[in-house]
Amino acid sequence: MRWTVLSSDLMVFFPAALWFVWAYIKDGVGGSGERREGWMWLLAMVLLNPCLVLIDHGHFQYNCISLGLTLGAIAGILSRNELVAAALFSLAINHKQMSMYFAPAFFGHLLGKCLKRKCPIVEIMKLGFVVLGTFALVWWPYLHSYEAAMQVISRLAPFERGLYEDYVANFWCTTSVLIKWKRLYAIKPLKLMSLSATILAFLPSFIQQVKSPSNLGFLYSLLNSSFSFYLFSYQVHEKSILLPLLPASLLALHEPHLHGWFTYYALFSMYPLICRDQLLLQYIAVLGLFVLIYYSPGGNYGKGTNISSGTMAVLSLPLLCSILLHTVYLQIEPPKRYPFLFEALIMFICFSQFIILTLYTNYKQWMLDFHPRPVGSKKDL
């Protein structure tokens with residue numbers, strides 16, 4: 001299985017990452033303030049995702065395929081190959097349904113572009129035909145049998161598994177300490193509540209892209225959309241953090257502090273899972289390697305965010321707590337009355353940071369309307 005994961009990386013994720021970096025640098029997505037020499041650092045940030053390495057090469061999963069197809073679709077949009085992008089993203093959804101986390105961003109961006117062209121109906125129809133054709137091709141073996149198709153669909157939506165799994169750092173699990181969602185509500189109202197909360201969360205980002213589509217706004221929208229699903233959707237697992245991590249890494253040159261901060265807490269949110277799977281040594285190794293490359297001399301080419309001393313002091317408190325919890329979780333037995341106390345503390349810390357990050361990225365996306373790109377903005381259409 002190890003070789004199948006490595007080959008999936010080489011055949012899907014790595015080429016998609018190279019295509020994305022080429023399109024990003026060529027288009028100048030982040031603006032003129034970014035240096036073109038930073039492409040190697042950006043490529044390293046995309047490829048060296050500590051969470052993806054641990055999950056795919058520790059659990060021997062194949063997230064690199066769906067994420068690689070999504071990354072190829074993103075590169076297709078940046079290089080103005082929307083039809084190729086539509087086909088690749090359709091394949092990503094069919095490989096892993098969690099790729100739907102990115103769907104509002106793709107739909108909003110492409111719809112916004114189509115509406116600004118001469119024949120919007122024709123443009124929308126072309127994309128629709130590509131999507132329908134790709135889905136028909138993938139589902140063709142199952143379309144001849146109603147029972148076979150229904151069996152596949154039932155596996156795509158395992159609602160009986162509950163609102164969330166383990167101690168995932170999202171809204172439902174975090175607030176369940178005070179509000180016992182699973183006891184108070186049946187599956188049907190929980191599905192409706194999670195759907196409503198998710199739509200409300202990604203709606204501002206979606207509207208901004210329909211209104212003012214841009215390549216940089218698209219990357220922010222991917223992050224905001226996937227964050228919305230992670231924080232509020234139904235049946236979220238710790239490994240779902242891989243989805244918002246992808247667009248965060250794509251914004252590494254433009255938002256280096258956000259990328260580093262998010263990567264650390266995304267990895268920390270999976271710490272109990274990593275310990276259960278006896279991957280602590282690997283956890284330390286990939287985190288150390290990420291830190292070395294992230295802080296390599298001349299490596300951080302992005303524009304740093306000016307952070308006040310007061311804000312830095314507030315952000316340092318959860319960082320210190322997280323560092324302490326790494327040791328406490330391994331060395332100290334929790335109280336018998338609260339056997340999952342440390343998991344809950346990790347969840348609270350990570351959730352608080354994720355909320356801060358998603359508010360910040362939504363704000364930055366909407367600020368693009370007030371600070372549009374002075375050069376190359378027409379190329380986005």
- Query: Got a donor-acceptor contact below 3.5 angstrom from the Ser194 side chain to the Lys191 backbone?
  - Reply: yes
- Message: With a 6.0 Å cut-off on the ring centroids, do Phe229 and Phe102 count as close?
- Response: no
- Main-chain N/O of Leu223 paired with Ser226 side-chain donor or acceptor, under 3.5 Å: yes
- Message: A quick test of your reading: do over 12 heavy atoms of other residues, nucleotides or ligands sit less than 6.0 Å from NZ of Lys180?
- Response: yes
- Side-chain donor/acceptor of Trp39 to backbone N/O of Ile25, under 3.5 Å: no
- Using a distance-only test with no angle check, is there a side-chain donor-acceptor pair under 3.5 angstrom linking Tyr164 and Ser176? yes
- Item | Trp19 (side chain) donor-acceptor with Ala73 (main chain) under 3.5 angstrom | no
- Message: Please report whether the ring centroid of Phe262 lies less than 6.0 Å from that of Phe227.
- Response: yes
- For Tyr101, all residues meeting side chain to side chain donor-acceptor pair (under 3.5 Å), sequence neighbours excluded: none
- Check whether any side-chain N or O of Asn215 sits under 3.5 Å from a backbone N or O of Val29 as a donor-acceptor pair, and report yes or no. no
- Task: I would like to know whether Ile77 and Phe218 meet side-chain contact (heavy atoms from CB on, under 4.5 Å); could you show each step before the answer?
- Result: CA-CA 9 Å; Ile77 285 181; Phe218 174 54; 3.5 Å; yes
- Message: Looking only at side-chain N and O atoms, does His254 offer a donor or acceptor that is under 3.5 Å from a partner on Tyr24?
- Response: no
- Note on the structure: Only one of Val236, Leu273, Ile241 passes side chain to side chain contact (heavy atoms under 4.5 Å, CB included) with Val168, and that residue is Val236
- Message: Does either side chain, that of Glu343 or that of Tyr329, offer a donor lying less than 3.5 Å from an acceptor on the other one?
- Response: yes
- Can you check whether Asn63's main-chain N or O pairs, donor with acceptor, with Ser66's side chain at less than 3.5 Å? yes
- Message: Would you call the rings of Phe171 and Trp181 parallel, tilted or perpendicular, taking 30° and 60° as the class edges?
- Response: tilted
- Query: Got more than 12 heavy atoms from elsewhere within 6.0 Å of CZ, Phe129?
  - Reply: no
- Quick one: side chain to side chain donor-acceptor pair (under 3.5 Å) partners of Tyr265, sequence neighbours excluded? none
- Under the 3.5 angstrom rule, does the side chain of Lys113 hit a backbone N or O of His109 as a donor-acceptor pair? no
- Task: Would you tell me whether Asp369 and Ser212 have side-chain atoms, one donor and one acceptor, within less than 3.5 Å of each other?
- Result: yes
- Item | Ser221 side chain vs Gly217 backbone, donor-acceptor pair below 3.5 Å | no
- Message: Tell me whether Lys364 is salt-bridged to Glu255, with the criterion being a basic N under 4.0 Å from an acidic carboxylate O.
- Response: yes
- Looking only at atom types and distance, does a side-chain atom of Tyr294 sit under 3.5 Å from a main-chain N or O of Pro256, one as donor and one as acceptor? yes
- For the side chain of Ser322 and the backbone of Leu319, is there at least one donor-acceptor N/O pair under 3.5 Å apart? yes
- Validation row, ring centre Phe342 to ring centre His326 under 6.0 Å: no
- Query: Taking only residues two or more places apart in sequence, or in another chain, which ones meet Gln365 in a side chain to side chain donor-acceptor pair (under 3.5 Å)?
  - Reply: Ser205, Gln208, Asn224
